[in-house]
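Structure, as structure tokens:
A note on names: the letters A, B, ... follow the listed sequences, proteins ahead of strands, and every chain is numbered from 1. Note: hydrogens, waters and symmetry copies are ignored here, and every other heavy atom, side chains too, is used.
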Amino acid sequence: MYWSKLFIPTLRETPAEAEVVSHQLLLRAGYVRQLSAGLYSYLFLAQRSLLKIMRIIREEMDAIGAQEMLLPALQPAEVWQESGRWDVMGDNMFRLKDRFQRDLCLGMTHEEIMTDIARGELRSYKQLPQIWYQIQTKFRDEPRPKSGLLRVREFLMKDSYSFDLDAPGLDAAFDKHHDAYCRIFQRCGLEFSAVEADSGAMGGSQSTEFMVASDAGEDYIAVCEECGYAANLEKAVSVPQSPRAPDPAGDFAPEKFHTPGRKTIAEVAEFTGLPESSQIKSLVMVADEKPVLALLRGDHHLSETKFAAALKAREIRPAHPAEIRVWFDADAGSLGPVGARMRIIADRALSGRRNMIAGANEDDYHLRHVTPGEDFEAEFFDLRQVVAGDTCVNCGKPIEVRKTIEIGHIFKLGYKYSESMGLRVLNDAGEEVTVIMGSYGIGVGRILSAAIEQRHDKDGIALPASIAPFTVVVTPVNRSEPAQAEAAEKIYRQCLALGLDAVLDDRDERPGVKFKDADLVGIPFRVTVGKKLAQGQVEVVTRRTRESRDVPAGEAAQAVAALVRDAA
RNA sequence: CGGGGCGUGGCUCAGCCUGGUAGAGCGCCUGGUUCGGGACCAGGAGGCCGGAGGUUCGAAUCCUCUCGCCCCGACCA
């Protein structure tokens, strides 16, 4: 294609509304324009990249025997009511009514639709297993769209769904997806981690998330470089660092002492001269409308996911100050387990500790010599959030915490949808059995954003050839030199003949403008046709590394093709 | 939903406090000179100052309401 004819609206300056790098660059490089909060138009360049990403996804999905479909985005309430998610999804779902006042929604995901298709058609174990997928726009009424294309209200997802007769079948489908996903992300040039994850509102027994390390991300993962353990922070386990100071030995009774104005763990630590790890942190939570006191070591943080899981609670929240006042007759900052009249659950790191500091449930007073199991009773669970510096439960090496972008998530759904929606087949004994399902998502747009987050520099985007909008740009330096224009045109045609995705920068612009734009847009290879043409030479430049080699003009296209092959 | 910030040509922003006929740079158009990392000269187009109400002789500027966008938090298939 000829650049002069293309719509590539690059910006010299960074638009003010963009905060994260990928967003800034997508706007500056003319890939996207924003219509409204969380709604983006994907312009020519973005669409080319997305099509390449989707082609990779299709190739790998097809390779594991998955079949592509196209499903409605507009969906009737009935199927969501059947699965129970019409209520569960709450405000996250876009809902509307048709002219007959029937309830509809815009699909956030397609478990219900796929299950509905399957239950109408799958009758026999002989038809299993099946893997069906779709690449489509999905909708979520985000409370706060943000970070450019990372959290949006309308987004392109690939979702696949597996149907199996039994658990080993599901395991196989899950593993196939795991492997296919690794290949997809590798081909997209991403550095990623597959981590254990919480299944959340999707339901199901086991799930793995695919995460790309990035400061623009919203998720944290815990990783052990040594043994490969990796988990979402919501779920991660670790061995905490030992308390900073040993507990006082001896069998003491709790003893109240005055701590005027000392409310936070840090203030009490400073006041007592004892480290935070010698304190018991008391958090008042409300789980499914019932008060619960959660206890942690002073320097630890509560994992709300683990807390909810421990109580099997659907909804949890911190208690309001007014509630705390009523229940304890003291304010947050002076609370403790001794004498608390509610369910108490404690993190395992408190098990076996003695003579710690805790709030006295009286404003401006704390207790010393508080011993779990003696001075109060609690149920022990793992409630603690992993922090950097903890050690791995498998190998004892240090755990690292990384900020990440979630680009894929695969779930063993189990029987959640097949049970509620009645998807059953006959097995070889003629008995009716419920089909077991899995679901497997990839955020297509997120791959693009994540790739840019990982691969950019001060000059712009540096995507790998596999997903860059063009593979090579041929740039004549001086258009007024007919020889350069002719040579560039010829090289461009040779690139096309070799199957390279090429663009000829035939704009009547100064060379600096063309170089800057090519760098910004992120075309992996550039053939510069300039003054060395007099000696029959042109330059082949690699965007990422800035490496440049002179080659005879007639061999330039071949040289680029070779570089593309090497990179793949 | 709570807290904060911002809405002025396509983009980045000044002007607002202290009301008096709307500015700069970049981009865009025309002509010319240029041509290896976002050129130069000359000429030109383009703005209901987010919207509505109010105060005032007079509002981009002051007041009220409203809409939108961004950030932090809550939330996050």
Using purine N1 to pyrimidine N3 plus N6-O4 or O6-N4 for Watson-Crick, or N1-O2 and O6-N3 for G-U wobble, each under 3.5 Å, what pairs with [N]?
{"N": "B/C57", "value": "B/G20"}
{"N": "B/C1", "value": "B/G73"}
{"N": "B/G9", "value": "none"}
{"N": "B/U34", "value": "none"}
{"N": "B/U64", "value": "B/A52"}

Does NZ or CZ of A/Arg95 come closer than 6.0 Å to the centre of the six-membered ring of A/Trp80, within 45° of the ring's axis?
no
For [X] and [N], what is the distance between atoms [atom1] and [atom2] respectively, to the nearest whole Å?
{"X": "A/Ile407", "N": "B/C76", "atom1": "CD1", "atom2": "P", "result": "22 Å"}
{"X": "A/Arg151", "N": "B/A74", "atom1": "CZ", "atom2": "P", "result": "13 Å"}
{"X": "A/Gln537", "N": "B/G36", "atom1": "CD", "atom2": "C1'", "result": "16 Å"}
{"X": "A/Asp91", "N": "B/A74", "atom1": "CG", "atom2": "P", "result": "18 Å"}
{"X": "A/Ile316", "N": "B/C76", "atom1": "CD1", "atom2": "C1'", "result": "14 Å"}
{"X": "A/Gln484", "N": "B/G36", "atom1": "CD", "atom2": "P", "result": "9 Å"}
{"X": "A/Lys146", "N": "B/C1", "atom1": "NZ", "atom2": "P", "result": "17 Å"}
{"X": "A/Glu142", "N": "B/C1", "atom1": "CD", "atom2": "P", "result": "15 Å"}

When you compare [N] with [M], how far apart are their [atom1] atoms, in angstrom units rounded to a whole number?
{"N": "B/C69", "M": "B/A60", "atom1": "P", "result": "26 Å"}
{"N": "B/C11", "M": "B/G38", "atom1": "C1'", "result": "14 Å"}
{"N": "B/G31", "M": "B/C71", "atom1": "C1'", "result": "47 Å"}
{"N": "B/U30", "M": "B/G37", "atom1": "C1'", "result": "27 Å"}
{"N": "B/A22", "M": "B/G46", "atom1": "P", "result": "15 Å"}
{"N": "B/G53", "M": "B/G44", "atom1": "P", "result": "37 Å"}
{"N": "B/G9", "M": "B/U64", "atom1": "C1'", "result": "29 Å"}
{"N": "B/G43", "M": "B/A59", "atom1": "P", "result": "34 Å"}

Report yes if some heavy atom in the side chain of A/Thr475 is under 4.5 Å from a heavy atom in the side chain of A/Val527; otherwise report no.
no
Is there side-chain contact between A/Met89 and A/Met108, with heavy atoms separated by less than 4.5 Å?
yes
Categorize [X] for me: base, sugar-phosphate, or nothing, with a 4.0 angstrom heavy-atom threshold over every strand shown.
{"X": "A/Lys138", "result": "nothing"}
{"X": "A/Arg526", "result": "base"}
{"X": "A/Met93", "result": "nothing"}
{"X": "A/Ser147", "result": "sugar-phosphate"}
{"X": "A/Phe155", "result": "base"}
{"X": "A/Asp517", "result": "base"}
{"X": "A/Thr528", "result": "base"}
{"X": "A/Ala18", "result": "nothing"}

On a plain distance test, is the side chain of A/Asp519 in donor-acceptor contact with the base of B/G37 below 3.5 Å?
yes
Quick check: any donor-acceptor pair below 3.5 Å linking the side-chain of A/Arg507 to the base of B/G38?
no
Interface polar pairs with nucleotides 42-46 of chain B, N/O, under 3.5 angstrom:
none

Does B/C26 have OP1 or OP2 sitting under 4.0 Å from an N or O in the side chain of A/Arg12?
no
Using only side-chain N and O atoms of A/Arg144, determine if any of them is under 4.0 Å from OP1 or OP2 of B/C72.
yes
Expected list for residues 24-42 of chain A near RNA chain B, using heavy atoms below 4.0 Å, is A/Arg28, A/Gln34, A/Ser36, A/Ala37
Do A/Glu17 and A/His23 get their side chains close enough for a donor-acceptor pair, meaning under 3.5 Å?
no
A/Tyr417-A/Arg85 side chain donor-acceptor pair, cut-off 3.5 Å
yes
Taking the side chain of [X] as its heavy atoms from C-beta onward, which of [options] lies nearest to it?
{"X": "A/Glu13", "options": "B/G38, B/C11, B/G36", "value": "B/C11"}
{"X": "A/Pro143", "options": "B/C75, B/G36, B/A39", "value": "B/C75"}
{"X": "A/Arg510", "options": "B/C35, B/C71, B/G36", "value": "B/C35"}
{"X": "A/Glu539", "options": "B/A39, B/G36, B/C69", "value": "B/G36"}
{"X": "A/Lys516", "options": "B/G37, B/G36, B/C76", "value": "B/G37"}
{"X": "A/Glu17", "options": "B/U12, B/G37, B/C72", "value": "B/U12"}
{"X": "A/Phe515", "options": "B/G38, B/G36, B/C76", "value": "B/G36"}
{"X": "A/Pro15", "options": "B/C72, B/C11, B/G36", "value": "B/C11"}

May I ask you to check whether over 12 heavy atoms, not counting those of A/Lys490, lie within 6.0 Å of atom NZ?
no
Check A/Tyr220 against A/Asn232 and note the closest heavy-atom contact, atom names and distance.
O-OD1, 3.4 Å
I need the A/Met157 CE to A/Thr137 OG1 distance, nearest 0.5 Å.
11.0 Å
Please work out which of the three classes, parallel, tilted or perpendicular, describes the rings of A/His178 and A/Phe174, given edges at 30° and 60°.
tilted
Decide, yes or no, whether a salt bridge links [X] with [Y] under the criterion of side-chain N to carboxylate O below 4.0 Å.
{"X": "A/Arg119", "Y": "A/Asp116", "answer": "yes"}
{"X": "A/Asp215", "Y": "A/Lys403", "answer": "no"}
{"X": "A/Asp171", "Y": "A/Lys176", "answer": "no"}

Stepwise ring-ring contact (aromatic ring centres under 6.0 Å, His included) check, A/Phe185 with A/Phe210:
CA-CA 9 Å; A/Phe185 300 135; A/Phe210 293 84; 5.5 Å; yes
Which residue lies more 5' along RNA chain B, comparing A/Leu11 with A/Arg153 via nearest heavy atoms
A/Leu11
Start at the 5' end of RNA chain B and walk down; is the nucleotide closest to A/Thr10 or to A/Gly148 reached first?
A/Thr10
Near-ring test A/Phe44/A/Phe7, centroid separation under 6.0 angstrom
no
